[in-house]
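Single-structure report; data block below.
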Amino acid sequence: MAGVSENRWRSIVLGTVNSLERRLVGALVLIAISIGALQVFSQYSAREVSNRSLDVQTAAEDMQHAQQLGELVGEFRIAGNARLSRLSTDDQGTLLTDIAIQIGEQLNALRLSGMPLYRIGPDMAAFDDLDRQVDAIMAVPREPARLEGVIQRNVMLADLASAIAMTAAERRDAAQAQLDRAVTDWQLTVSAAGAVTVVLVILILFDLLANILPALRRMHGMLRRLADGDLDFEVEKFRLRELEDLSRPLEIFRRNAQAVQNLALTDPSTGMPNRRAFLERTGARLADAAAKGGPRHLLMLVDVDRFKHVNDDFGHAAGDRVVKLIGERMTETLGPGALVARLGGDEFALCLPLDGEADGSAVASRLVAAIRPPFDLGTYAIAVTISVGTVEAAPADAVAIEELLHRADLALYAAKNGGRNRALGFAPELEEDRELDRALERDLARALLGGQLRMVYQPILPLHEADPEVEALIRWEHPELGDISPARFIPAAERSGLMVQLGNWIIERTLSDLTRWPGIALSINLSPLQLQQDGFVPFLLDRCRHHAISPRRVILEVTESLSIENNSRALLTLELLRNAGFRIALDDFGTGYSSLSMLKTFKFDRLKIDRSLIDDLASDSSAQAVFEAAVTMALRIGAQVVAEGISDEKLIAPVLAAGCTHLQGFHCSRPIEADAVAAHFKIREVAAGDPASGQVPGTLAA
Ligand code: C2E
Ligand code: CA
Ligand code: CA
C-alpha cells in the first residue's frame with residue numbers, strides 16, 4: 001500500500017518536473033503561496049505588535065495611576081502628619097477625605113485596567129475604608145492612643161503604594177519586552193517569508209535559464225537544422241514533456257526525410273553515393289577547404305574499360321557486382337578519406353584530400369594498378385582495367401565543381417584515347433583536343449556523304465611464295481582542317497555512332513576497288529563495333545558475292561585491344577567469318593596486355609606485330625628478344641607474321657632473322673592511291689564493276 005502511494009507521488013512529482021506547463025504553473029503557485037504566506041504571517045505579526053503596543057500603553061497608564069497613587073499617598077501622609085502635629089485645623093479632615101477619594105479613584109482605575117492588586121498581598125485591605133483612617137487621624141488630637149495605629153497604617157499605605165508602583169513598573173517593562181519581541185518576530189517572519197519568496201523566484205529563474213531556455217534553444221536549433229535540410233543528426237530526447245512530444249515526431253520526420261534523401265543520393269544497385277551526392281559532398285568539401293584553408297583535393301573520373309563486354313558476356317547481374325567490387329576496391333585503395341561515387345553505368349567519381357606534397361598522378365596510377373588484379377565472382381573471376389582522368393583543386397583557385405569535373409572528364413577522355421588502362425591529369429591543351437574531336441564527330445556524316453573520304457592502299461610484301469597484298473587505309477581530307485589521321489577520326493566515328501555506316505562504306509569501296517586488281521589480296525581493318533553489328537557476316541558475304549570476290553582474298557584485321565576473349569558475340573562473328581573463308585588477322589600485336597590469352601581463345605591466321613615492337617629492333621637487344629619471342633609464338637600456332645612499320649632498311653635483317661612471313665612499312669611502300677595500285681603491282685587493271693578477276697600472279701615491288 002505504501003509502495004503504491006509512493007509510486008503515485010513519484011509519478012506526480014516526475015509528471016510535474018517533466019512538464020513545462022506544470023513546472024511553470026507549479027512555480028507560479030509556489031510564488032503565490034509564498035506571497036500569501038508572507039501576507040498571513042505579516043498580518044498576524046502586525047496584529048500581535050498592535051496588541052502588544054496596546055498592552056504597553058495600558059501599562060504606561062497604570063504606571064501613571066501608580067505614580068499618582070504614590071503621590072496621593074504621600075500627600076495623604078503629609079496632610080495627616082500636619083493634623084497629627086496639630087498644625088492644622090479641623091478643615092484638614094476635608095482635605096484628607098478629598099485625597100482619600102482620589103486615592104480610591106486611582107486604585108479603581110488600576111483595578112479596572114487589570115492590575116492584579118490582590119497579588120500585592122493581604123495588606124491591600126489597608127486601602128479599604130480610608131475614611132476611617134481619616135477619622136482616626138482627625139481623632140488623634142483627641143484620642144492620642146490612636147496615634148500609633150494611624151502611623152502604622154500610613155506607613156503601610158506608603159509601602160503599598162510603592163509596591164504598586166513597582167508592580168506597575170514591572171508590568172510596563174514586561175509589556176515593553178513583549179512588544180519588542182513581537183516587533184522582532186514580525187521582522188523575522190516578514191524577512192523569512194520574503195527570503196523564501198526571493199529564493200523561490202531565484203530557483204525558478206535559474207530553472208528557466210539553466211534548463212528550460214537552453215532546452216528551448218536546442219529545440220530551436222534542431223528545427224533550424226531540419227529547415228536547412230541538414231539531416232545528419234539525431235533529434236535529442238527531452239525531459240520536458242512538451243518538447244519530447246515535439247521531438248518524437250520530429251525525429252520520425254528527420255528519419256523519413258533522410259531515407260528519402262538517401263534514396264535520392266544513393267545508387268540503388270551498389271548502395272554507393274550517386275552523382276548528386278558526389279556533387280553535394282565534394283562541393284561541401286571544397287567550400288570547407290576554401291573557407292578554412294584546407295588541403296588540396298584530387299578529383300578523379302573513372303571509367304571501366306570496355307565494360308560493355310562484361311555485361312554482354314557475363315550478364316548485367318555480374319556487371320553490377322563487378323561495379324560494386326570495383327567501388328569497394330577503390331575505397332580500400334584510397335582509404336576512408338576518399339569519397340567514391342558511382343555516376344552511372346561504369347563511371348565513378350572520386351574525391352580525396354591531398355595532404356602536403358602528395359602527388360595526385362601517383363595516387364591515380366596506384367588506383368589504376370590496384371584495379372588490374374581479377375575480381376573473384378565465386379565460380380569465375382573477371383579482370384578489368386580502368387581509365388582515370390584527374391584534376392587537382394587547390395582551395396585558392398576556387399574553381400567551380402562543374403568546371404573541375406569538366407576538366408577531369410577531358411583528362412579521362414584523353415586517357416581513353418591514349419589507349420585506356422591509364423590515368424591522365426588535366427592539361428589546358430586537352431580542351432582543344434576535345435573541341436577538335438567534337439568537330440570531327442560533327443563533320444564526319446557530311447564527309448561520308450560529301451566525298452571527302454577515300455581509300456588508299458599500302459602494299460604488304462610476302463616473303464615467301466604468296467599473293468601480293470594491300471591493306472586498305474582510309475583518308476579524310478577535311479575542307480578546313482586538312483588531312484585528318486584515321487587514328488583520330490575512327491574513334492570519333494565509333495563514339496558518334498557512325499562507325500557501322502562508315503565501315504559499310506569502306507567495305508563497299510574496297511571490294512569495289514579490289515575487282516580492278518586481279519590476283520591481289522586485300523586487308524580490311526575492322527572496328528570492334530562492326531563485329532558486333534547485327535547481320536555483319538551476311539552483309540559481308542553478300543557484298544563479296546555481289547563483286548564476285550572470293551572471301552579467300554580478303555583478310556580481316558581486328559585489333560587486339562578488342563577484348564575478344566571475353567566477348568562471345570565478337571568471337572562467334574569471327575568464327576563465322578573464318579568458316580566463310582575470310583582470313584582473320586590480329587592487328588597491333590604487342591600493344592595490349594591481353595595478347596597472349598587472346599591467342600588461346602581464337603585461332604588467328606595472321607599476327608601483325610606492332611610498329612612499337614619493331615622500331616627499336618636495330619638498336620636495342622632486349623627489344624629484339626621480345627620481338628623474336630612474339631614471332632616464334634605466332635609461328636608456333638601456325639599463323640603468318642607481318643612485321644609492321646618497316647620504315648628503314650636496317651630493320652629488314654632482324655625481321656627476316658626472326659622468321660616473319662610478311663613485311664609492311666614505308667620502306668617497302670607508302671600507302672598509294674587506288675588508281676596507282678595496278679601500276680604498282682604491274683598488273684593489267686580490270687575495269688571497275690567487271691567481275692572477271694582471274695588469278696594473275698602479281699609482281700612485287702620491293
Ligand atoms: P594500322 O591498321 O596499324 O595501319 C597501319 C598504319 O601505320 C597506317 O596509318 C600506316 O600509314 C602506318 N604505317 C605504315 N607503314 C609505316 C611506317 O613505316 N612508319 C610509320 N610511322 N607508319 C607506318 P594510318 O593510315 O594513319 O592508320 C592509322 C590507324 O587507323 C590504322 O592502324 C588503323 O587502326 C586505323 N585505320 C586506318 N584505316 C582504317 C579503316 O579503313 N578502317 C578502320 N576500322 N581503321 C582504320
Ligand atoms: Ca591494320
Ligand atoms: Ca597495325
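We count ligands from 1, going down the list as the structure has it; atoms in each ligand are counted the same way. This structure is a prediction, so every number in the text was calculated from the model and none was measured.
In this structure, atom 18 (O) of ligand 1 lies nearest to the protein heavy atom Phe666 N, 2.8 Å. Looking at atom 10 (C) of ligand 1, its nearest protein heavy atom turns out to be Leu473 CD1, 3.8 Å.
Checked by atom type and distance alone, the side chain of Asp267 pairs as donor or acceptor with a backbone atom of Thr270 at under 3.5 Å. With hydrogens and angles ignored, the 3.5 Å screen pairs no side-chain donor or acceptor of Ser669 with any backbone N or O of Gly665. Between the side chain of Arg342 and the main chain of Gly345, a donor-acceptor pair closer than 3.5 Å is present.
Within the 4.0 Å cut-off (strictly below), a protein heavy atom is located near atom 43 (C) of ligand 1.
Looking at Asp588, its N, O or S atom nearest to the Ca ion (ligand 3) turns out to be OD1. Closest approach between the Ca ion (ligand 2) and any N/O/S atom of Glu557 involves OE1. When the N, O or S atoms of Glu471 are ranked by distance to the Ca ion (ligand 2), OE2 comes first.
The proximity of Ile506 to ligand 1, defined as any non-hydrogen pair under 4.0 Å, is limited to the side chain. At a heavy-atom cutoff of 4.0 Å, ligand 1 is contacted by no atom of Lys608, backbone or side chain. Only the side chain of Asp587 comes within contact range of ligand 1, with a heavy atom under 4.0 Å; no backbone atom does. Using a 4.0 Å cut-off between heavy atoms, Gln458 contacts ligand 1 through its side chain alone, with no backbone atom that close.
Counting only non-hydrogen atoms, the option in Pro671, Pro486, Ser485 that gets closest to atom 24 (P) of ligand 1 is Pro486. Counting heavy atoms only, Arg475 comes closest to atom 11 (O) of ligand 1 of the residues Gln664, Arg670, Arg475.
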Q: Check step by step if side chain to side chain contact (heavy atoms under 4.5 Å, CB included) holds for Leu473 and Tyr457.
A: CA-CA 6 Å; Leu473 297 167; Tyr457 297 91; over 6 Å; no
Q: Decide yes or no on salt bridge (charged side-chain N to carboxylate O under 4.0 Å, His left out) for Arg509 and Asp513, but give the supporting numbers first.
A: CA-CA 6 Å; Arg509 175 81 257 145; Asp513 281 346; 2.9 Å; yes
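Heavy-atom contacts of Ser527 reach the following atoms of ligand 1: 44 (N) (cutoff under 4.0 Å).
One finds no salt bridge joining Arg407 and Glu431 here, because no Lys/Arg side-chain nitrogen approaches an Asp/Glu carboxylate oxygen to under 4.0 Å. Taking 4.0 Å as the cut-off between side-chain N and carboxylate O, Arg488 and Asp437 count as a salt-bridged pair. The existence of a salt bridge linking Asp303 and Lys416 is confirmed by a sub-4.0 Å separation between a basic side-chain nitrogen and an acidic carboxylate oxygen.
Considering all non-hydrogen atoms of both residues, Arg372 and Ala383 come closest at O-CB, 4.2 Å.
The OD1 atom of Asn525 and the OD2 atom of Asp587 meet at the Ca ion (ligand 2) at an angle of about 90°, given to 10°.
Inclusion of Glu644 in the first shell of the Ca ion (ligand 2) is not supported: no N, O or S atom falls under 3.0 Å.
Between Gln530 and ligand 1, a contact under 3.5 Å exists for no N or O pair.
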